[in-house]
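Right, one structure below, let's go through it.
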Amino acid sequence: MSPASTATSPDTSGAAGLDEATGADVRVRFCPSPTGTPHVGLVRTALFNWAWARHCGGTVVFRVEDTDAARDSQESMDAIVEALAWVGIDYDEGPGVGGPHAPYRQSERRETYADVVVRLVEGGYAYESFSTPEEVEERHRAAGRDPQLGYDGFDRDLTPAQVQAFRDQGREPVLRVRMPDEDVVVEDLVRGTVTFPAGSVPDFVVVRANGQPLYPLVNPVDDALMGITHVLRGEDLLSSTPRQVVLHRAFVELGLSRRVPRFGHLPLVLGEGNRKLSKRDPQSDLFLHRERGLLPEAMVNYLGLLGWSIAPDRDVFTPAEMVAAFDVRDIGANPARWDQKKAEAINGDHLRMLAPEDLLERVLPYLRAAGLLDGDLTPAQRRLLEGAVPLVQTRMAVLSEAPGMLGFLLVADEDLVVEEDALAALRPEAADVLDASAAALVDLAEWETAAVEAALRAALVEGLGLKAKFAFGPLRTAVTGRRVSPPLFESMELLGRESTMLRLAALRRRLEG
RNA sequence: GCCCCCAUCGUCUAGCGGCCCAGGACACCGCUCUUUCACAGCGGCAGCACGGGUUCGAAUCCCGUUGGGGGCACCA
């Protein structure tokens with residue numbers, strides 16, 4: 001029996017027993033490869049790992065899988081670091097922070113992999129394989145098997161003479177790991193027992209002919225060497241688990257690690273249609289959501305809802321609450337679809353939970369991006385926003401709505417844009433309303449909300465006999481340029497008498513012309 | 001083709017054999033509040049994929065069917 005197939009005890013499948021890590025012994029990792037912009041799926045995986053470790057008081061390891069020089073980039077790496085910081089996922093070991101298992105970039109760990117490879121070969125867990133894909137396929141055909149079957153194990157037990165013969169032909173072998181001849185059973189934390197039948201997973205390549213170690217090797221090697229106890233990752237990796245488990249068993253037998261980590265495969269996040277949320281899908285782009293104005297804590301909340309729930313009758317929670325309640329065993333197994341509406345509703349709830357001063361700060365970048373602010377706030381601007389932000393707090397779902405809601409307070413009177421639909425909604429009596437309002441307001445003794453409202457009600461509702469609904473519409477349009485705005489009288493108070501009068505007059509002129 | 005996973009309202013989910021002729025949230029539709037829009041409150045619509053078992057009893061367990069998804073590289 002081959003060494004790789006001696007480890008048949010169910011316990012080495014990653015199942016528990018006395019050896020299961022708990023509490024502060026828990027070590028998780030997230031290990032993105034730095035290609036492209038941060039994906040919400042990546043962030044959710046990181047989040048679940050982080051929540052579990054933090055819940056247990058364990059350790060979070062950040063490792064970079066940058067073994068593919070052609071696709072990896074520093075910009076992407078920076079973006080991932082920024083993304084994690086933005087959502088508040090911190091880590092205890094990793095690039096930039098160091099740790100007992102440094103380095104944490106796979107590109108700097110080549111010697112480690114080379115050492116492990118030698119031991120795998122010496123231990124009989126891996127062997128040199130000379131077959132080309134064409135030869136494998138040809139053999140399947142010749143034997144009347146499905147040519148798509150995958151590697152057939154042809155080189156498993158080559159004699160030294162056969163090996164020499166291949167070398168004499170100038171062929172360079174890849175290294176393959178020998179899969180056991182029994183079923184591989186995995187006790188998945190979210191899916192329960194998963195059985196991969198013997199023979200269904202071909203011996204797989206771990207080192208290229210040119211000597212480069214491949215992901216199927218380096219990923220479990222690092223997990224083993226870094227003492228990872230729990231591997232939470234996407235379901236798309238479930239079918240690669242038997243290979244990793246077999247490797248982990250070998251590492252244990254070789255004395256490289258103490259145990260096989262436990263695996264938990266998170267349900268996929270789906271996009272529109274039914275497909276896995278792909279990098280092409282704009283909803284997969286974390287930073288697009290940030291631009292749209294999702295709060296990081298709302299992002300954490302919503303992502304947490306995708307496959308997990310905090311309580312039967314509750315779905316709004318803070319990151320700290322998530323950490324306190326999180327348990328891997330509560331993760332659901334069915335795929336979840338990204339629902340923008342729900343994400344924004346959750347965001348609205350978080351927006352409302354913010355202290356007004358906090359919301360004000362969060363809104364500033366969006367006002368700047370819209371060109372409404374330039375550099376630091378002037379005292380006047382700050383006063384305006386302190387008055388206005390509380391008024392719009394219940395009116396926003398995402399921060400990018402702020403410029404539209406608050407813009408009228410920040411632009412010069414002559415720059416106010418009156419939107420088409422607001423203009424179109426004006427009724428014939430609008431001119432009279434503006435005249436009567438101006439008359440009522442010019443000499444108003446005290447310019448504050450209640451007084452403004454009282455004066456206008458007297459002039460319009462009682463004076464002109466209009467319903468409030470129709471009386472105040474034209475004023476809103478004149479003052480804010482929109483049909484929808486913060487409360488009118490408060491807005492007027494904030495704007496001040498002078499601007500208000502100018503804007504009423506401007507719209508009046510426009511109606512004549 | 002082969003292997004694996006999944007299956008409760010449109011969507012995310014609660015449910016781990018009796019508390020369920022199935023609960024919450026988003027969305028949608030009404031109503032209340034109201035100067036617009038929101039917020040808030042109240043009410044409504046809407047689901048256990050199908051077929052067999054097991055059991056006194058099944059959304060919950062088992063098998064099958066169907067449907068959906070993922071994976072099958074000298075990419076990660």
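Protein chains get the first letters and strands the later ones, always in sequence-line order, with residue 1 at the start of each.
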Sugar-phosphate atoms are those with a prime plus P, OP1 and OP2; base atoms are the rest. Using that split, label each nucleotide of nucleotides 71-76 of chain B B, S or - for protein heavy atoms under 4.0 Å, 5' to 3'. S--BBB
B/rC12 P sits how many Å from A/L305 CG, rounded? 11 Å
List the residues meeting ring-ring contact (aromatic ring centres under 6.0 Å, His included) with A/H289, not counting sequence neighbours, and say none if there are none. A/W338
So what does A/T195 hit on the nucleic acid, given a heavy-atom distance under 4.0 Å: a base, only sugar-phosphate, or nothing? sugar-phosphate
A/V484 has a side chain; which of B/rU13, B/rU36, B/rG1 sits nearest to it? B/rU36
Take atom CG of A/L504 and atom P of B/rU35, then tell me their distance rounded to the nearest Å. 19 Å
Modelled atom types, side-chain donor and acceptor of A/H265 and A/T241, under 3.5 Å: yes
Heavy-atom contacts under 4.0 Å between residues 457-476 of chain A and RNA chain B, which residues? A/R457, A/A468, A/F472, A/R476
Just how far, in rounded Å, is P of B/rC16 from CD1 of A/I331? 19 Å
Test item: side-chain donor near acceptor, A/D78 and A/Q74, under 3.5 Å: yes
Expected rows: protein N/O vs nucleotides 20-27 of chain B N/O, under 3.5 Å:
unit_1: B/rG23; atom_1: N2; unit_2: A/P312; atom_2: O; d: 3.2
unit_1: B/rA25; atom_1: O4'; unit_2: A/D315; atom_2: OD2; d: 3.4
unit_1: B/rA25; atom_1: O2'; unit_2: A/D315; atom_2: OD2; d: 2.6
unit_1: B/rA25; atom_1: O2'; unit_2: A/K342; atom_2: NZ; d: 2.6
unit_1: B/rA25; atom_1: N3; unit_2: A/K342; atom_2: NZ; d: 3.2
unit_1: B/rC26; atom_1: O2'; unit_2: A/K342; atom_2: N; d: 3.4

Note, A/R362 side chain near A/L354 side chain (heavy atom, < 4.5 Å): yes
What is the distance, rounded to the nearest whole Å, between atom CG of A/N347 and atom P of B/rA38? 17 Å
Say whether A/D285 and A/H39, considering side chains only, have a donor N or O and an acceptor N or O under 3.5 Å apart. no
Plane angle bin for A/F62 and A/F30 - parallel if under 30°, tilted between 30 and 60°, otherwise perpendicular: tilted
Taking atom P in both B/rA46 and B/rC63, compute the distance separating them and give it to the nearest angstrom. 34 Å
If every non-hydrogen atom of A/V316 is compared with every non-hydrogen atom of A/N301, which pair is closest and at what distance? CA-OD1, 3.3 Å
Electrostatic pair A/R275:A/D236 at N-O distance under 4.0 angstrom: no
Applying ring-ring contact (aromatic ring centres under 6.0 Å, His included), which residue pairs with at least one partner in residues 171-224 of chain A are found, sequence neighbours left out? none
Listed once per pair and sorted, the side chain to side chain donor-acceptor pair (under 3.5 Å) pairs that draw on residues 387-397 of chain A, sequence neighbours left out: none
Nearest-Å distance, CG (A/L189) to C1' (B/rC5)? 15 Å
Heavy atoms only, 4.0 Å cut-off, all strands: where does A/S200 land among base, sugar-phosphate and nothing? sugar-phosphate
Consider only side-chain N and O atoms of A/S129 and A/R176, and report whether a donor and an acceptor are under 3.5 Å apart. yes
Integer angstrom distance from the C1' of B/rG68 to that of B/rC31: 40 Å
Nearest heavy-atom contact between A/Y127 and A/G153 is OH-CA, 4.1 Å
Between A/F154 and A/F130, is the ring centre distance below 6.0 Å? no
ring-ring contact (aromatic ring centres under 6.0 Å, His included) with A/Y104: which residues, sequence neighbours excluded? none
B/rC21 and B/rG15: how far apart are their C1' atoms, nearest whole angstrom? 16 Å
Expressed as a whole number of Å, how far does the C1' atom of B/rC20 sit from that of B/rU8? 12 Å
Applying the Watson-Crick and G-U wobble criteria at under 3.5 Å, what pairs with B/rG64? Answer none if nothing qualifies. B/rC50
Quick one: list whatever passes side-chain contact (heavy atoms from CB on, under 4.5 Å) with A/R63, sequence neighbours left out. A/R29, A/C31, A/E65, A/Q106, A/N219, A/D222, A/D223, A/M226
Euclidean distance, atom CG of residue A/N334 to atom P of B/rU11 [Å, nearest integer]: 12 Å
Which atoms of nucleotides 42-51 of chain B (N or O only) lie under 3.5 Å from a protein N or O atom, and what are those distances?
none

Taking A/R352 for the side chain and A/G348 for the main chain, is one N or O donor matched with an acceptor at less than 3.5 Å? yes
Is it true that A/W308 and A/F317 have ring centroids separated by less than 6.0 Å? yes
Each nucleotide of nucleotides 60-68 of chain B classed B (base within 4.0 Å of a protein heavy atom), S (only sugar-phosphate) or -, in 5' to 3' order, makes --------S
Any donor-acceptor N or O pair under 3.5 Å, side chains A/S131, A/R139: yes
Using OP1 and OP2 only, check whether a side-chain N or O of A/R275 sits under 4.0 Å from B/rG70. yes
Could you check whether A/G307 gets within reach of a base, just the sugar-phosphate, or nothing at all, counting any heavy atom under 4.0 Å? sugar-phosphate
Which ones in residues 487-497 of chain A lie close to RNA chain B, meaning a heavy atom under 4.0 Å from one of its atoms? A/P487, A/L488, A/F489, A/E490
Between A/M396 and A/R337, just flag the one whose closest nucleotide in RNA chain B comes earlier from the 5' side. A/R337
Any donor-acceptor pair, under 3.5 Å, between the side chain of A/R395 and the base of B/rC37, if you only look at N and O atoms? yes
Atom CZ of A/R483 to atom C1' of B/rU35: distance rounded to whole Å? 14 Å
Pairs in or reaching into residues 471-496 of chain A: which pass salt bridge (charged side-chain N to carboxylate O under 4.0 Å, His left out), with residues at least two apart or in two chains? A/E419-A/R482
Passes salt bridge (charged side-chain N to carboxylate O under 4.0 Å, His left out), A/D188 versus A/R329? Steps please. CA-CA 10 Å; A/D188 192 275; A/R329 287 158 293 203; over 6 Å; no
Output the rounded distance in Å from CG (A/D421) to P (B/rU36). 16 Å
Sticking with atom C1', work out how far B/rU54 lies from B/rA73, rounded to a whole angstrom. 45 Å
